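Okay, structure first, notes after.
We use all heavy atoms of the structure for the numbers below, so side chains are in, but hydrogens, waters and symmetry mates are not. Each chain gets a letter, A, B and so on, in the order its sequence line appears, and its residues count up from 1. Nothing here was measured: the structure is a model prediction, and the numbers come from that model.
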Amino acid sequence: MNSRTRALRIGAGVTALVAAGAALTGCSSTASGGGDADKTTGVTISVVLAVDPPPKATLDQFTKDTGITVKWSNVDWDSLQTKIAAAATAKTYFADATDVDWSRVGQLAKLKWFHPMQDYLNVSKLKGDMPQLASFTDDGQTVGIPFDASYMVTTVNKKMFADAGITTMPTTIDEYTADLKKVQAGGVQYPLNIPFAASEGLSTYWYETTGAFGGKVLDGAGKPQFTSKSSPGYKAAEWMIGALKDGLVAPANINVSDSQGMQTLMAKGAAASIFSDYSGNVGSLYNVPSSSTVTGQVEYIPTPGVDGVGPNLTNADGIGIPMTAKYPKAAATFIKWFTSTDAQAGFAGADGPSKVLPSYALPSRLSAVDVLNKKGSLDGGDVLATLLKDSKPVFPDGAPSWYPEFSRAVYTNLHAAAAGTMTVDQAIKKIADTANQLASGS
Amino acid sequence: MRRTHWGRWIGVAFILLWTLIPIYWTINTSLQTDAQVTSRPANYLPPTPTLQNYAALLTADTDTAQAMRASIMNIVIECLAATIVTVLLSTLAAYAFARMRFRGRQVLFYAVLATMAFPAYTTLIPIYKIMSWLGLVNTYTGIVLVYVSGFLPLATWILYNYMSSLPRSIEEAATVDGASRLKVLWHVVVPLARPGIVSTAIITFLFAWGQFLFPLVLSSDLSTEPLTVAIAALQGRHTVPFSLMSAAGVLAIAIPAVIALLLNRYIVSGLLAGSVK
Amino acid sequence: MRLFGDDAITSSIGNTLLYVLIGVALSTVLGIAFAVALQRPFRGRSAVVAILVLPWALPGVVEGIIWVSIWDGNTGLLNSVLTSAHLIDHYQVFLGHNQLLTVFLTEIVQVWQITPLSTLLILAGLQNIPAEIYESASIDGAGPWGSFTRLTLPLVRPGITVAMVQAVIATLNVFDQPYVLNGAAATGSSVTMQTYFVTFQNLDFGEGYALSLLITIATLVISFIVLKLVYRPVEF
């Protein structure tokens, strides 16, 4: 055997090793920032969020004031959640500040993937000005600070309503349903959009509708509140599926996702209303000529309730500091600035276009909304600002740690009821069973 | 013989229709605005063709265009590097497995193949840990290494099949003449196995081209992020820019096509060479 | 075991087996047909090969958008074409009602994506068959079909084996296509989707690994069966 043949065998061996490496678990490593963790000047922190960066001038000003340089990355929301989970599980550094989704608060508090924010900010003082902060706290830990205040809101195409002879907007669900039938008689084949595809948007729609029917989905202990036929949750499910069976919603909507329905139906004038739409869509989608054929026609209305205006569900995004952050203290300084009244009002347009954060929904601070409202610089701002005061989180005390599993049961079973493979009653039973099982801690 | 020709032309026509209808739909979508796509009935041709999506991706002075340009460079570098290393190593390994007798050969060969059975999700976290431990997160080396480890088993198997089916007589004659194993490999086996090597290279390149999950986790900024990750980032929190993303998709298929055109001589003569000339 | 008590996982196992069956069969038959059509030289052959691989280069997220806009029940291309041709009088809902139809249409998308690989693998093997073999067969009076079944097929068995094993791996791990086209619905969800939910949404990595192991074992078993049934060594 000469050395050359050995080289070939080694080639084969290396192949086997490299390939097998894919199957091996690596030794654990700890990415510690060493003595730099408390440094707050002269450092560069990495901020990763699913939004565009604030204007360069505002970030430069922040650097000038604090000595902290910000490296901003915009990663799409789904990919970002995967990155956060992978980094936290591998105990690897990934960012100094990143997204905290409201639906993951319970999980994150349990897994201790994020630094408790109360170590860095005066959280109890903030609560008065930030109605949604409570939903980012679980088990005594505030895992993130909400940086905007997106929530669910009803949108209508006022032109279509007017064409059907409706000029006073509905304030109750009964009126709303009756008006949709008039719009349908007026020539809009399927006036209502409900995204019945089996994904998160369907759960959200149901929570919002349940709120409008005057109730909530789970109580503080996580017990289902929708099992009796007279409960708001049950009625909401019946109303949604009924709208599909009665032909108010297009049959093809069993496979339409939330964004797809907004973009291909509402923005194209194929649907006249979305009961549970995103705050911000009028300005960022329906009034944009390159993506909509109904510019100037869609407006927000106060969400119709049982006997008067119903509440709106908030689904804000928060920002927090991962445990593996290199400069947690500097990150906290950044978060303090990023969620301050001045910065938020600026992002939403109070100080002119040069300080606007593109596609920013609404400030999470009431004080910032006030500033904004006084200047009158938002699309449909007056309606949105009033609604924000009455909006409430899906889980006022933080989402339970088993939320994703629950939500999946909600959207797969409601989808199945819409597709006709089970009845509303069966779907509700299955969802309730899942919730009971999860809440009892199996 | 006439009938075989008919069969072939029907086959070729079917290949073109099957492949090109969805591709045409991508191009058609990319030349419209979001307000125009998904209309009813469908726009079979763009009503007012516009290149604005391509301009927004390539030439605009925005973060998006900058990300696109950087990620195109990254993906080309990563895929070419992964292809070269994979083809080199797999040629050596396949030859050893096909032509040499050593203890544990079969076990080793099947062990290599068996690693293909692990779903990507299983290996994601361990690989991320290893890469972070080696300091290779957000480096070309790290990403290329992961690609090579992922695609080597398949490449080795393809080439093993190919080399096994080559006639041994020519090699034996060369060995008798006193040529070393490596010389035989380089001067005799590699030229004969060219169609196999070229198709392995194309396959490896395209596998690398489609990667999303691993580079998503292993890259943290524009210094390594490939095009696939940058395209996913075009999505908004609540909106999907159909026409913009279709234009990005057209770029993603155009680049390998351009590379193929540039290397046309080698690829076609390599891939389609053989005894049927 | 908790895994098998879960409805979502049980139905995803059934769906996945259907994906494998449909996907492996279709991609293999198409791969062989495409490769044979390209086996002999003709003008423009290299262009056809270049076009053939394009679906593979299209990123998954764009592929999703395009196929949604083809199958969609509200505004889809297929509905538009069928209506224009007066084959249907109003738009139909193709996905989400019927499990078999949903799985089939979803798998078509994956077959569209993986057939280029099968074709290249088989084509490389075909290029290796010496022309003299065909000549002697035609002297022996074998027609085109005869030389295809008696010569071509047996001689590209190694290539077909690799193509089939690759199709087994791809279809057992199907994720993007059902997720984009049909959400998490029981009519189309796959085991890999459930693995993703358990791992990256429930953040239960233990159960995630258990599900992955299921896929690994299935891959090894099915690939072994393919290997035994299809693979025969060939030497010219």
Side-chain angles (χ1 to χ4, degrees), chain B residues 3-4 7-8 11-12 15-16 18-20 22-23 25-26 29 37-42 114 116-122 154 157-158 161-162 164-165 167 195-196 199 202-203 206 209-210 212 228 231-232 240 242 245-246 248-249 252-253 256-257 260 264 268 271-277, chain C residues 33-34 36-37 39-42 45-46 48-62 65-67 69-70 75 77 80 83-84 112 117 120-121 123-125 127-131 144 158-159 162 166 169 173 192 195-196 199 208-209 212 215-216 219-220 223 233-236:
Chain B
R3 274 183 53 203
T4 30
R8 177 209 289 163
V12 169
I15 294 176
L16 292 179
W18 159 268
T19 307
L20 286 178
I23 300 277
W25 205 237
T26 317
T29 307
V37 296
T38 66
S39 52
R40 186 172 169 169
M116 289 193 293
F118 290 100
Y121 281 117
T122 339
L154 176 64
W157 192 15
I158 300 172
N161 276 346
Y162 209 89
S164 303
S165 70
S199 59
I202 298 175
I203 287 166
L206 287 169
W209 191 262
F212 174 71
T228 38
I231 290 179
V240 180
F242 305 111
M245 291 183 71
S246 300
I253 55 177
N264 190 41
V268 175
L271 176 67
L272 303 178
S275 327
V276 204
K277 280 211 183 107
Chain C
F34 288 4
V36 169
Q39 183 181 7
R40 280 151 196 277
F42 58 86
R45 178 169 72 153
S46 54
V48 178
V49 173
I51 289 170
L52 172 88
V53 299
L54 293 181
W56 196 3
L58 190 66
V61 49
V62 182
I65 294 174
I66 292 306
W67 282 91
S69 77
I70 292 175
T75 57
L77 173 65
S80 186
T83 314
S84 308
W112 184 71
L117 171 62
L120 284 182
L121 288 168
L123 191 58
Q127 298 304 307
N128 214 12
I129 304 177
V162 187
Q166 283 304 305
I169 293 173
N173 287 286
T192 306
T195 315
Y196 171 80
T199 313
Y209 279 125
S212 303
I215 297 177
T216 311
T219 310
L220 289 173
S223 303
V234 174
E235 195 167 323
F236 300 105

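The distance from atom CZ of B/F118 to atom CG of C/L220, rounded to the nearest 0.5 Å, is 7.5 Å. Rounding to the nearest 0.5 Å places OG1 of B/T38 at 11.5 Å from CD1 of C/I65. Residue C/W56 holds its CH2 atom at 9.0 Å from CD1 of B/I202, rounded to the nearest 0.5 Å. Annotation: the span from C/L54 atom CG to B/L206 atom CG amounts to 9.5 Å, rounded to 0.5 Å. One finds the CG atom of B/L16 at 5.5 Å from the CD1 atom of C/I51 (value rounded to the nearest 0.5 Å). Separation of atoms OG1 (B/T228) and CG (C/L58) is listed at 11.5 Å; rounding is to 0.5 Å.
Under the 4.5 Å side-chain criterion, counting only non-hydrogen atoms from C-beta, C/T216 is in contact with B/P119.
For B/W25, the parts lying under 4.5 angstrom from a heavy atom of chain C are both the backbone and the side chain. Both the backbone and the side chain of B/A114 come within less than 4.5 Å of a heavy atom of chain C. Using a 4.5 Å cut-off between heavy atoms, C/Y209 contacts chain B through its side chain alone, with no backbone atom that close. No part of C/S223 comes within reach of chain B, as not one of its non-hydrogen atoms sits under 4.5 angstrom from that chain. For a residue to count as touching a neighbouring chain, one of its non-hydrogen atoms must lie under 4.5 Å from one of that chain's; by this rule B/P167 touches chain C with backbone and side chain alike. Only the backbone of B/S164 comes within less than 4.5 Å of a heavy atom of chain C; no side-chain atom from C-beta onward does. Using a 4.5 Å cut-off between heavy atoms, B/I158 touches chain C through its side chain atoms alone. Of the two parts of B/Y121, only the side chain, counted from C-beta on, holds a non-hydrogen atom closer than 4.5 Å to a non-hydrogen atom of chain C.
For the set B/F212, B/W209, B/F242, the count of heavy-atom pairs under 4.5 angstrom toward chain C peaks at B/W209. Of all the listed residues (C/V36, C/V49, C/L52, C/L123), the one sharing the greatest number of non-hydrogen pairs under 4.5 Å with chain B is C/L52. When the candidates C/G208, C/S69, C/S212 are compared by the number of heavy-atom contacts under 4.5 Å with chain B, C/S212 comes out ahead.
Summarising the geometry of C/A124 relative to B/Y162, their closest heavy-atom pair is O-CE1, 3.3 Å, with the distance given to 0.1 Å. The shortest heavy-atom contact between B/M245 and C/V62 is O-CG2, 3.5 Å. Taking both residues in full, the closest heavy atoms of C/S80 and B/P41 are given as OG-CB, 3.6 Å, listed atom of the first, atom of the second, then distance. In terms of heavy atoms, B/I253 sits closest to C/A57 at CG2-C, 3.6 Å. Heavy-atom minimum distance, C/A37 versus B/I15: CB-CD1, 4.5 Å. The shortest heavy-atom contact between C/P158 and B/N161 is O-ND2, 3.4 Å.
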TODO: Show the numbers, then the answer: is there a side chain to side chain contact (heavy atoms under 4.5 Å, CB included) between C/Q39 and B/R8?
DONE: CA-CA 9 Å; C/Q39 183 181 7; B/R8 177 209 289 163; over 6 Å; no
- [ ] Apply side chain to side chain contact (heavy atoms under 4.5 Å, CB included) to the pair C/L121 and B/S199, showing each step before the final yes or no.
- [x] CA-CA 7 Å; C/L121 288 168; B/S199 59; over 6 Å; no
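Checking side-chain atoms of C/W112 against main-chain N and O of B/W18 turns up a donor-acceptor pair under 3.5 Å.
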